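See below for the structure under consideration.
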Amino acid sequence: MPWRRQPSRDVVRAALAGPVLDVAPRLLGARLTHAGVTVRLTEVEAYAGPDDPGSHAYRGRTPRNEVMFGPAGRLYVYFTYGMHFCANVVTGSDGDPSAVLLRAGEIVDGLDLARSRRTRGPDRDLARGPARLCQALAIGREQNGLDLAELLVLGEPAGEVDTGPRVGLRHAADRPWRFWITGEPTVSRYVAAKPRPSST
DNA sequence: GTGGGGATTTACT
DNA sequence: GTAAATCCCCACA
């Protein structure tokens, strides 16, 4: 009804529609809920449009990266290394293939469920790393394109934010487009890309 | 149709 | 520290 407070889903969509480098740090501290588990995001990476050599969208639109080219606020899920899923929040205006990779978070609800989805280990590792985060939240192929407007809660204070190079990329490894909350134990450690085996 | 590579995690030495 | 697991995507022929 018109006199009600504006639904939070519209606020979320509007917030995510901005430039990806602005949106990425603002996702820190946000809460994402799926399949009975809620995480507080502590580490993300920006993938900035069609000119970012590290982005799946760099070589244009394909069936896999289709969702990245759509409107902000949807989930882009991809499968990699034959066994892992990773999740991104699509940002920017419709047609701009920018997204934010969800690299790590702290489980704040559904702890037992998250534990049951992961191999045994310390709780701080349950969503420490993009594939672990997906596993804890039970995000997979079927969640590609999912509208996050109802699942994502923004506005939590993130604390101090650090930036640095993105993890595991061969190209554009110098761009400091990884963001994390300073001092968080759930943040994954930096790992450079494996160098290509040299034939010399 | 073929082949190289991957925004990772885990287990083992 | 290093290596294995494991399959989908995409570029090219």
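Note that the structure is a prediction, hence the values are computed from the model and not measured. Residue numbering restarts at 1 for every chain, and letters A, B, ... go by the order of the sequence lines.
When side chains are defined from C-beta on, A:Ser188 counts as touching A:Arg103, because their heavy atoms get closer than 4.5 Å. Annotation: side chain of A:Val90 is not in contact with side chain of A:Leu148 (no heavy-atom distance under 4.5 Å). In this structure the side chain of A:Val153 never reaches within 4.5 angstrom of the side chain of A:Val12, judged on heavy atoms. At least one side-chain heavy atom of A:Arg115 sits less than 4.5 Å from a side-chain heavy atom of A:Asp123.
Using a 3.5 Å distance cut-off with no hydrogens or angles, the side chains of A:Arg118 and A:Gln135 do pair a donor with an acceptor.
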Are any protein N/O atoms closer than 3.5 Å to N/O atoms in nucleotides 4-8 of chain C? If there are, list each pair with its distance.
| unit_1 | atom_1 | unit_2 | atom_2 | d |
| --- | --- | --- | --- | --- |
| C:dT6 | O3' | A:Gly82 | O | 3.4 |
| C:dT6 | O2 | A:Tyr81 | O | 2.8 |

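Only A:Thr119, A:Gly129, A:Pro130, A:Ala131, A:Arg132, listed by number, bring a heavy atom of residues 119-134 of chain A to less than 4.0 angstrom from any atom of DNA chain B. Contacts between residues 180-190 of chain A and DNA chain B, counted as heavy-atom distances below 4.0 Å, involve no residue at all. Applying a 4.0 Å cut-off to non-hydrogen atoms, the residues of residues 47-55 of chain A that approach DNA chain B are A:Tyr47, A:Gly54, listed by residue number.
Taking CE of A:Met68 as the reference point, atom OG1 of A:Thr91 lies at 8.0 Å (rounded to 0.5 Å). Taken to the nearest 0.5 Å, the OG atom of A:Ser98 stands 12.0 Å off from the CG atom of A:Leu16.
A salt bridge does not link A:Arg124 to A:Glu106: none of the charged side-chain nitrogens sits closer than 4.0 Å to a carboxylate oxygen. Ion pair A:Asp147/A:Arg13 flagged as a salt bridge, since at least one NZ, NE, NH1 or NH2 atom sits closer than 4.0 Å to an Asp/Glu carboxylate oxygen.
At the heavy-atom level, A:Leu101 lies under 4.0 Å from base atoms of the strands shown.
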Discussion item. Output the pairing pattern of DNA chain C as a dot-bracket string, 5' first, Watson-Crick or G-U wobble with both distances under 3.5 Å, | for cross-strand pairs, [ ] for crossing pairs.
Written reply: |||||.||||||.

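Linking ILVMFWY side-chain heavy atoms closer than 4.5 Å, directly or via other members, places A:Leu133 and A:Leu28 in a single hydrophobic cluster. A:Tyr190 and A:Leu169 fall into different hydrophobic clusters, where Ile, Leu, Val, Met, Phe, Trp and Tyr residues are linked whenever their side-chain heavy atoms come under 4.5 Å apart, directly or through other members.
At the phosphate of B:dA7, OP1 or OP2 sits under 4.0 Å from a side-chain N or O atom of A:His56.
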Worksheet item: Given A:His56 and A:Tyr76, is the side-chain hydrogen bond (donor to acceptor under 3.5 Å, both in side chains) satisfied, shown in steps?
Response: CA-CA 11 Å; A:His56 288 168; A:Tyr76 166 51; 2.8 Å; yes

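The CD-P distance, from A:Glu43 to B:dT8, rounds to 10 Å in whole Å. Here B:dT8 presents its P atom at 16 Å from CD1 of A:Ile139, a figure rounded to the nearest Å. Rounding to whole angstrom units, CZ of residue A:Arg59 and C1' of C:dC9 are separated by 13 Å.
Side-chain atoms of A:Asn144 come within 3.5 Å of backbone N or O of A:Val77 as a donor-acceptor pair.
Contacts of A:Phe79 classified as ring pair (Phe, Tyr, Trp, His ring centres under 6.0 Å), with partners at least two apart in sequence or in another chain: A:Phe85.
Shown here is A:Arg59, whose CZ atom has no more than 12 heavy atoms of other residues, nucleotides or ligands within 6.0 Å.
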